[in-house]
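As structure tokens, the structure follows; a few thoughts come after it.
Below, all heavy atoms of this structure are taken into account, side chains as well, without hydrogens, waters or symmetry copies. Letters A, B, ... are given to chains in the order of the sequence lines, protein chains preceding strands, and every chain is numbered from 1.
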Amino acid sequence: MADLKINLAGIKSPNPFWLASAPPTNSGYQVMKAFDAGWGGAVWKTLGVPVVNVSSRYGSVNYRDSRMSGFSNIELITDRPLKDNLREIEEVKKRFPENAVIASLMVETREEWHRIVKDVENAGADGVELNFGCPHGMCERGMGSAVGQEPKVLKTIVGWVKEAATVPVIVKLTPNISDITRPALAACEGGGDAISLINTIQSLVGVDINTFVPYPVVDGKSTNGGYCGPAVKPIAMNMLKNCAKHPGVNIPISGIGGIENWRDAVEFILLGATSVQVCTSVMHYGFGIIREMKAGLASYMDEKGFRTVDDFRGKALPNVMHWEDLNLQYKIVANINEEKCIGCQLCYTACEDGAHQAIGLSADMADRKPFIIEENCVGCNLCSLVCPVEECITMQRRDDGSKHITWKERTLAGDIPKTFDDPLAGGLHHFVPRPSDALEKKKPLHYAG
Amino acid sequence: MSEFTAPHSEEDFERNFSPIKPLMNRTEAYFESSRCLFCYDAPCVKACPTGIDIPLFIRQIHNGNEAGAAHTIYDSNYFGYTCGKVCPVEVLCEGACVYNLQEVKPLEIGRLQSYATSSAIRNEKLYFKAGEKKNKKIAVVGAGPAGISCACELRKEGFEVDVFEAKKIPSGLAVHGIAPYKITNQEVLNEVRYLEKQFGFRIYFESGLTSPDDFVKLGQNYDAVFIGFGLGGTSRLSIEGEDKKNCYGAVEFIEQLRQNHFRMQVPENVIVLGGGNTAMDAASECARMGATVVLAYRRAKEEMGAYEFEYDLAKAAGVKGLFQVAPVRITGNEKAEGVEFVRTRTYNGNLETMPGTEFTLPCEWVIKATGQMKQTGLLSGIKGIEADKKGCIVVHDTSCQTGNPKFFAAGDAVSGGEEVVNAVAAGKKAAAGIITYLNQASGK
Ligand SMILES: Cc1cc2nc3c(=O)[nH]c(=O)nc-3n(C[C@H](O)[C@H](O)[C@H](O)COP(=O)(O)OP(=O)(O)OC[C@H]3O[C@@H](n4cnc5c(N)ncnc54)[C@H](O)[C@@H]3O)c2cc1C
Ligand SMILES: Cc1cc2nc3c(=O)[nH]c(=O)nc-3n(C[C@H](O)[C@H](O)[C@H](O)COP(=O)(O)O)c2cc1C
Ligand code: SF4
Ligand code: SF4
Ligand code: SF4
């Protein structure tokens, strides 16, 4: 049976699922309810000098009929007094000693950092998370992402915290930066025990085209917000991978960003996360989603024979290379399963207009099933991605696997294109229709006769 | 004219009785599951007699954990696959889905449920095993949904369970009664076999208890007895000519049909008497066998006990409804040749016949769907067991214990005839009652 327990830099948790610091961890009431539902840990809504919030606060991107595939907020840190939060942290820890409670913190001066770290430790927090990520409001006051974007400042503040902290210190990073490993390294150098990422991405989710006001609307005006939810997951995973693969970043990572189900969590763990944090999907569906997440993770682990989360953490990392180390001899082509094809011709138009004119249509208009023109196919995957029928277009290998040559090797051998009209150009002998064929009323040449 | 031509081969039969809820494929299940809103305190769950965590299993399907979805279903309902196919979902889970309030098609919960469980059955995903052996033996009478559900639950706790079944195959009316276009015999039997593999109860077939004495002996040989023997044959109509040849009871006809398929000969003209779900089924099934069917009911259409969708199904198969007519007698010599009716009306809430309006409708078969008899007589030797006015066994609400502490009962025998899902839920409830009773007994 799978054992879901984890230990992140000394913070123990019955499972890797934590609530991210956000509205779901605003109060002891919510955190207790979440632990009761099965969540392993909770990062408390960021504590500091309480703020005043606006209304409204959220906007969202609905893709087709999927609501909140992207979510944006202009909320700040906690608006509740510190003493109330401390009392509730204490109460939660008393009731749930096995679950991880991490206090997220954001203050300005060294003295404030020292005091608040002591306060939350006394209340029983198992760790602290430094919020260097909030990309709106707080950064205008020199906190949040204003710190996360300045590795030097970040390192200094981590140092201040470490002077006072006896519990593990997690540094939460902002994605609003071009190279995430710089603040990650600064966190290590400052003595941080772990990093977490990502916080929200600066965004503007939409504009009311009748009133000309972007969302969310506050009395006829708006401001940029922080973007999260399923839409940000690929960005988060890439940043996670960059940190996890960096030899200098040698502390554990808590992964955050768009996690909604067990598969998402597995992907984050495969890319090096020890725990995962969730905000938007809990704001959407409530604490109950943990049932699906835990059950799914456990059955995945059982099926794969992984006993603990450590058994597969980072397992995808060795398979992420630099582009120049990929095998240029690997050759795949698309294949359409005629039995499955429903004749929507999405693959045809995608390849015809958006790729390499490697899909043909029958001259017989009644036959809607396209076919692949193999010699034109560059194996880009596009058709298989747009095809609405599962496993209808598959990519099949054509090289025999005996050759392996990378760009790097070819560069060393001098076997790469160097001039504008170099005969080594990869696409030189590739079929390209005549431009004027585009205007032919009859079917272009590469249709079947 | 009938919508269907009489089947002459198994293939013809399968065409006429093709499943009204075919299994979903992965794509369909993926699309359909994506629509579930994951409602909080979901109304669909409340409407399910076995309380399956529907939003959870739908989410599991959507996220590719079909095995987990099946586990969620079986945790609440041992007949997850069968129920997905045969439940009257329109008045249960799907009828409660919040989408109805938006006038949007509700989630196809039943089909998603069969989808998830079918793959578990096919891949022999085993979720349960018998508990640590306990030295108590329980006899279960009847291998219908109630009996099997009870047996599973008792085995999970490690009790010894012997199931006594009158027929050659298990699952009661699920295999002998339910319409073939809802589920095939093989599908029902596969699920029971799958359960047997996990729980390891013993079923003794063709071992019906036929006398009050048999029940007394059972009581002596076992620590507790569960009665899940359902209902008996079709009740009598008590009109002249009822015993003529070619005048059949609906349950008897359906049982024959389910066993003999295309080999069963249904004549061209059939009259079905009744207005309940069984009448709809019998009428539908005759129509699918190629007959021209008249469904005759004493009261108005709106007063029929059958669900609206069941009547719609019968109509779609070509059945003609005839309302406000009461059968007076079955005409003919040896064989039924027609039914004499008299028209009725409802006056001050009472149904009255209208003398002088008699007429006769010719036919070759008459099928009476007039309810099923009770088998409570078999229990006359057991002290304390009581039956209510309708002949249903009286049990305690939560424990399902009868007036005799050793005897428990659930399913159609107690309810007088509900659905498979109710029998499954009640069988499980009775198992909990039995466990409490046995633990108390050994605690002394
Ligand atoms: C025509 C018809 C159509 C139906 N359609 C549907 C439907 O579409 N959907 C739905 O959910 N429900 C339907 N039902 C109802 C459903 O089949 C029953 O509610 C359910 O099967 C009841 O389960 P049970 O275990 O209580 O009884 P049963 O299913 O009747 O099982 C009782 C078992 O006990 C055995 N038995 C009886 N007497 C003895 C004895 N003395 N000794 C040993 N064994 C004995 C029987 O052979 C049988 O196997 C239908 C019923 C009928 C009659
Ligand atoms: C309304 C809202 C408020 C948030 N408040 C905080 C906060 O106080 N402190 C913090 O570190 N992150 C905060 N976040 C960021 C989340 O913790 C998380 O990093 C981000 O939402 C990405 O995860 P997700 O895609 O699961 O939502 C907030 C996010 C939202 C949506
Ligand atoms: S979600 Fe709750 S707090 Fe927010 S606007 Fe709606 S009712 Fe008000
Ligand atoms: S996209 Fe897929 S289904 Fe549509 S025509 Fe192409 S192969 Fe057929
Ligand atoms: S009521 Fe409908 S939408 Fe809501 S959880 Fe149930 S099936 Fe899903």
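When heavy atoms are compared at a cutoff of 4.5 Å, B/N25 does not approach chain A at all. Contact annotation for A/R291: both backbone and side-chain heavy atoms come within less than 4.5 Å of a heavy atom of chain B.
Here the shortest heavy-atom pairing between A/A295 and B/Q60 reads CB-NE2, 3.7 Å.
Counting non-hydrogen atoms of neighbouring residues, nucleotides and ligands closer than 6.0 angstrom, the NZ atom of A/K315 reaches no more than 12 such neighbours. Remark: B/F309 CZ is packed, more than 12 non-hydrogen atoms of other residues, nucleotides or ligands lying under 6.0 Å away. Annotation: A/E338, atom CD; neighbour count of heavy atoms from other residues, nucleotides and ligands within 6.0 Å does not exceed 12. Within 6.0 Å of atom NZ in B/K105, more than 12 heavy atoms from other residues, nucleotides or ligands are found, so the atom counts as buried in its surroundings. Taking a 6.0 Å sphere around CD of A/E98, one finds it holds 12 or fewer heavy atoms contributed by other residues, nucleotides or ligands. Other residues, nucleotides and ligands place no more than 12 heavy atoms under 6.0 Å from the CG atom of B/D397.
Between B/L56 atom CG and A/I290 atom CD1 the span is 11.5 Å, to the nearest 0.5 Å. Atom OG of A/S299 is separated from atom NZ of B/K125 by 8.0 Å, given to the nearest 0.5 angstrom. Atom CD in A/E391 sits 6.0 Å away from atom CZ in B/R26 (nearest 0.5 Å).
With a 4.5 Å cut-off on side-chain heavy atoms, B/R59 and A/Y285 count as touching.
If you tally non-hydrogen atom pairs under 4.5 Å between each of B/Y30, B/F57, B/F38 and chain A, the highest count goes to B/F38.
In this model, a donor atom of one side chain and an acceptor atom of the other lie less than 3.5 Å apart for B/N63 and A/E292.
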